[in-house]
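First up is the structure itself, then whatever we jot down about it.
Chain letters run A, B, ... following the sequence lines, proteins first, then strands; residues in each count from 1. Only this structure's heavy atoms are used, side chains among them; waters, hydrogens and symmetry mates stay out.
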2 protein chains.
Amino acid sequence: MTDNKRAILTGAARVIARQGVRGLRVADLAAEAGVSTGLVYYHFKDRPGILRHALAFIGDRADRYTATAQGPTAAHPPDRRTLLEQTLLLEFQDVPEVRENSTAWGELRAHSVFDPELREELAAAGAAWVAEVAGHLAALCPDAPAGAVTAAAERLTALLEGLSARWLSGLLPLEHARGLLREAIRVEIGRLGSLGERID
Amino acid sequence: MTDNKRAILTGAARVIARQGVRGLRVADLAAEAGVSTGLVYYHFKDRPGILRHALAFIGDRADRYTATAQGPTAAHPPDRRTLLEQTLLLEFQDVPEVRENSTAWGELRAHSVFDPELREELAAAGAAWVAEVAGHLAALCPDAPAGAVTAAAERLTALLEGLSARWLSGLLPLEHARGLLREAIRVEIGRLGSLGERID
DNA sequence: GTACATTGACTGAAAGTTTAGTCAGCAGGC
DNA sequence: GCCTGCTGACTAAACTTTCAGTCAATGTAC
């Protein structure tokens, strides 16, 4: 991949984060990437092609920065609870790259209501994420029934999306969003724990 | 308000639900409402004006159909818990008008990330809604601290928005979404109850 | 009760603007 | 000489916005 092609993709993420999927103008994108409009078409054929590739690119990037949670940075092995919190809270960082990625991803999610083409990619990513969270929860509450664990994971991820939308549109301060989510994790773990006890 | 003005607003809700905010073409809207494009500008000045009024209209409509929960239909007074559940679950109905309203509202919410003009109205509606839910919760758990009640209300409404987005894009079946939300209500009430006890 | 003036809702075509997509051609490595 | 990467002016279509003017209703002076 040439430097310019990569520049177009990172530019696409930036423009989508700034103006939304439908607000993405090919001329803006070219300007953002510092190339001509012609080059955009040379590499990506047409507008839907740009969007498709941008999606994959943004998804990859999100995987990469959430993966750093388990990275070799931790000197002593982090406990499961911290791992779970990080997996979820990493979405709430006021770092330009993360915020940009979150915004673009949220926009794609919202856009998928009107564009069936996007749903497949989105559904797969969403399911994988629920499974990851459910994995952490199951490890923390080994006695809780599997159904309840999955439901808790679905609630936590859906809550995260709802909070993220409010944060990104400035309706909810970042720290408040993080606090609400942390509390929700505590509440859900508490509930799973009590379910486990009852089953004993 | 003239019939045609109202027709334009209901048409706007329908077109936004079908094509999204950015997919709304003034010509489409005029056709949907059965009027000329000129009339749209006569009543609403410009495209942003259409969106602003449509948002208010859709918000009002949502208030109206969630308000029926407390209506005179109930022979014996419904308990607070049922009232709370209905307030939240009424958003999840597969009735065309409700679905259309939810879709359009969700779209405007998502769009507000990129359009500061829409945020004020949205913030007010969101705050009122959190307050309503908090009111029900406070009545159910009179001993819980006010801060915890508000936080629970914020979580429940944010969760609802997250679940709603998934439902509307076909990623989550309606009944599943309802079940998850009902459970979340139970969990949050349980937590508020235990907080009340500790304070005694 | 009828001629005249005024107003608000409304139309449709035309003007103006924005946007996706094309194309002829340049530069440089092989 | 030819392939790949690249340019930017250009076109056609899509879209928003304006505007001159129609029409029905309402008032009002005689």
Can you tell me the distance, in whole Å, between the [atom1] atom of [X] and the [atom2] atom of [N]?
{"X": "B:Y41", "N": "C:dA13", "atom1": "OH", "atom2": "C1'", "result": "15 Å"}
{"X": "B:N4", "N": "C:dT11", "atom1": "CG", "atom2": "P", "result": "6 Å"}
{"X": "A:K45", "N": "C:dA20", "atom1": "NZ", "atom2": "P", "result": "15 Å"}
{"X": "A:Y42", "N": "C:dA24", "atom1": "OH", "atom2": "C1'", "result": "16 Å"}

### Separation of B:R14 CZ from B:I16 CD1 (nearest 0.5 Å)
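Nearest 0.5 Å value for the CD1-CZ distance: 12.0 Å.
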### Message
Return the CG to CG distance between B:L140 and B:L84, rounded to the nearest 0.5 Å.
### Response
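Rounded to the nearest 0.5 Å, the CG-CG separation comes out at 6.5 Å.
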Quick check: closest heavy atoms across [X] and [Y], and the distance to 0.1 Å?
{"X": "B:A158", "Y": "A:L159", "result": "CB-CD1, 3.8 Å"}
{"X": "A:A17", "Y": "A:T103", "result": "O-CG2, 3.2 Å"}
{"X": "A:L24", "Y": "A:A12", "result": "CD1-O, 4.2 Å"}
{"X": "A:M1", "Y": "A:R6", "result": "O-NH2, 3.6 Å"}

### Task
Output yes when a side-chain donor or acceptor of B:R47 lies under 3.5 Å from a complementary backbone atom of B:V26, and no otherwise.
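No, the answer is negative, given that no donor and acceptor are paired below the 3.5 Å cut-off.
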### Message
Under a 3.5 Å distance rule, please check whether B:R25 uses its side chain to pair with a backbone N or O of B:R22 as donor and acceptor.
### Response
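The answer is yes, because a donor-acceptor pair under 3.5 Å joins these two groups.
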### Query
Name the one of B:L51, B:I50, B:D46 that satisfies side-chain contact (heavy atoms from CB on, under 4.5 Å) with B:P48?
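Exactly one pass, corresponding to B:D46.
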### Message
Using a 4.0 Å cut-off on heavy atoms, which residues in residues 24-39 of chain A reach DNA chain D? List them by number, or say none.
### Response
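Those residues are A:V35, A:S36, A:T37, A:G38, A:L39.
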### Task
Name every residue in residues 6-16 of chain A that has at least one heavy atom under 4.0 Å from any atom of DNA chain C, in order of residue number, or write none if there are no such residues.
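Hits under 4.0 Å, by residue number: none.
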### Query
Can you pull the contact range of chain B along DNA chain D, 5' to 3', using atoms under 4.0 angstrom from its heavy atoms?
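On DNA chain D, the outermost contacted nucleotides are D:dC15 to D:dT18.
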### Task
Measure the shortest side-chain to side-chain distance between A:W105 and A:L122 over non-hydrogen atoms and say whether it is less than 4.5 angstrom.
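Yes, at least one pair of side-chain atoms sits under 4.5 Å.
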### Query
So do B:R18 and B:D28 actually touch side chain to side chain, heavy atoms under 4.5 Å?
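No, too far: nothing below the 4.5 Å cut-off.
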#### Entry: Selection residues 146-169 of chain B - residue pairs positive for side-chain hydrogen bond (donor to acceptor under 3.5 Å, both in side chains), sequence neighbours left out
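The answer is A:T157-B:R166, A:E161-B:R166, A:R166-B:T157, A:R166-B:E161, A:H176-B:E154, B:R155-B:E188.
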### Query
Can you list every pair that meets side-chain hydrogen bond (donor to acceptor under 3.5 Å, both in side chains) and has a residue in residues 52-62 of chain A, with sequence neighbours left out?
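Residue pairs with at least one partner in residues 52-62 of chain A: A:R61-A:E100, A:R61-A:N101.
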### Query
If only side-chain N and O atoms of B:H43 are considered, is one of them under 4.0 Å from the OP1 or OP2 phosphate oxygen of C:dC10?
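The answer is yes; a side-chain N or O of B:H43 sits under 4.0 Å from OP1 or OP2.
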### Query
Per the end-axis method with five pairs at each terminus, what is the bend angle of the helix from C:dG1-D:dC30 to C:dC30-D:dG1, to 10°?
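End-to-end axis angle: 10°.
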### Message
Go nucleotide by nucleotide along DNA chain D from the 5' end; which of B:R47 and A:D3 gets its closest nucleotide reached first?
### Response
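Result: A:D3.
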